[in-house]
2 protein chains.
Amino acid sequence: MSDLDAIDRKILGHLQADGRITMQELAGKVGLSVSPCHRRVKLLEERGVITRYIASVDQKALGLHVSVFISIKLARQKEEDLKRFEKAISAWPEVLECYLMTGNRDYLLRVVAADLSSYEAFLKTKLTRLDGIASIESSFALSQVKYSIALPV
Amino acid sequence: MSDLDAIDRKILGHLQADGRITMQELAGKVGLSVSPCHRRVKLLEERGVITRYIASVDQKALGLHVSVFISIKLARQKEEDLKRFEKAISAWPEVLECYLMTGNRDYLLRVVAADLSSYEAFLKTKLTRLDGIASIESSFALSQVKYSIALPV
DNA sequence: GATGAAAGAAATCCATT
DNA sequence: AATGGATTTCTTTCATC
């Protein structure tokens with residue numbers, strides 16, 4: 001699966017920091033010439049190690065001032081209950097992250113909204129309308145201290 | 001601040017989905033020709049609306065099988081205590097996200113590690129060595145149901 | 001502000017080692 | 001697997017509307 005050598009990991013490190021670095025510059029940084037560097041990047045893309053390239057956008061500039069972590073407990077934990085819940089939240093753009101947690105097997109969601117009233121609208125028109133939810137607990141973030149998508153390589 | 005018109009928001013939507021889309025294709029999708037589309041993208045970059053471009057890497061392919069959410073309470077909440085804590089965690093690559101939360105004014109961290117023993121190493125050599133921490137509570141994620149960095153535009 | 005064209009730079013492919 | 005060069009494609013700038 002992941003037989004990534006040292007050069008692959010270097011490449012991934014640089015691409016996580018700058019997804020638009022030129023092949024020439026990237027090749028220089030990892031000590032290869034352009035062609036083999038290019039081939040490695042293409043292989044990493046094909047193997048699904050690099051999943052995609054993204055522009056990162058400032059949350060405040062979009063007017064999204066509210067970040068909420070929501071703990072959700074389901075009434076039943078049968079496979080089909082989980083699947084139905086996961087399918088629903090996956091379709092909502094306000095939900096940026098969702099994790100199935102150990103312990104009580106509940107879900108942890110990170111949701112963004114413009115303000116408290118649009119968060120309330122999200123709760124009322126979407127989340128609380130789902131069947132099979134036993135409890136919802138919202139925790140609000142005062143500020144985002146760190147946000148990185150660069151995994152340690 | 002954010003006088004983004006409909007076309008700007010369309011551009012941001014497409015760039016969040018594909019950070020390497022060509023100007024030609026992007027221009028077509030938003031109904032402009034290449035030059036004005038290019039100018040808008042450059043402006044969005046200069047204004048800090050687009051913060052950067054990133055390659056997204058598969059966590060499992062890197063062998064990072066453990067995702068943990070950590071709730072941390074500080075002994076004191078003076079500005080300098082917060083600053084010191086935030087500076088420390090910002091430097092650690094294992095910490096991908098950190099939020100200052102309302103309520104008890106504690107921190108919520110998302111941390112990744114290869115396995116439980118390397119997570120333990122992170123706790124022992126880094127987190128628990130910080131001064132002024134009153135409590136640490138780890139919650140493990142069984143699976144990542146959704147992970148998106150694309151903000152709703 | 002938008003347009004189209006033109007120059008420069010980068011990605012991509014291929015023959016060679 | 002890596003290299004250097006050739007080709008194609010994109011970015012970026014500029015004059016014009």
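Proteins come first, then strands; the chains are lettered A, B, ... in the order of their sequence lines, and each starts at number 1. Atom set for the values below is all heavy atoms of this structure, side chains included, hydrogens, waters and symmetry mates excluded. Note that the structure is predicted; figures quoted are calculated from it, not measured.
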Would you please say whether a donor-acceptor pair under 3.5 Å links the side chains of [X] and [Y]?
| X | Y | result |
| --- | --- | --- |
| A:S148 | A:Q16 | no |
| B:Y119 | B:S138 | yes |
| B:Y99 | A:R110 | yes |

For the pair made of [atom1] in [X] and [atom2] in [N], what is the distance, rounded to whole Å?
| X | N | atom1 | atom2 | result |
| --- | --- | --- | --- | --- |
| A:L43 | C:dC13 | CG | P | 13 Å |
| A:K42 | D:dA2 | NZ | P | 17 Å |
| B:D3 | C:dG1 | CG | C1' | 15 Å |

field: Centroid-centroid distance, A:F85 to A:Y107, less than 6.0 Å
entry: yes
Lys/Arg-Asp/Glu bridge criterion (N-O < 4.0 Å) met for A:D81, A:R84: yes
field: Close residues, residues 20-32 of chain A, relative to DNA chain D [heavy-atom separation under 4.0 Å]
entry: A:L32
message: It should be established whether B:H38 places a side-chain nitrogen or oxygen under 4.0 Å from OP1 or OP2 of nucleotide D:dT12.
response: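 Indeed, a polar side-chain atom of B:H38 lies that close.
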query: Under 4.0 Å between a side-chain N/O of B:R39 and OP1 or OP2 of C:dG1, yes or no?
result: no
Each nucleotide N or O in nucleotides 14-16 of chain D that has a protein N or O under 3.5 Å away: list the pair and distance.
none

task: Measure from the side-chain heavy atoms of A:P36 and tell me the nearest of C:dA2, C:dT3, D:dT3.
output: D:dT3
- request: Starting at CD1 of A:I11, measure out to CG of A:D8 and round the result to the nearest 0.5 Å.
  value: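 Between A:I11 CD1 and A:D8 CG, I get 5.5 Å after rounding to 0.5 Å.
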- prompt: Under the side chain to side chain donor-acceptor pair (under 3.5 Å) test, which residues partner A:K87, sequence neighbours left out?
  reply: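 A:K87 satisfies side chain to side chain donor-acceptor pair (under 3.5 Å) with no other residue.
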message: Can you give me the closest heavy-atom contact between B:A114 and B:L64, atom names plus distance?
response: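 Looks like N-CD2, 3.8 Å.
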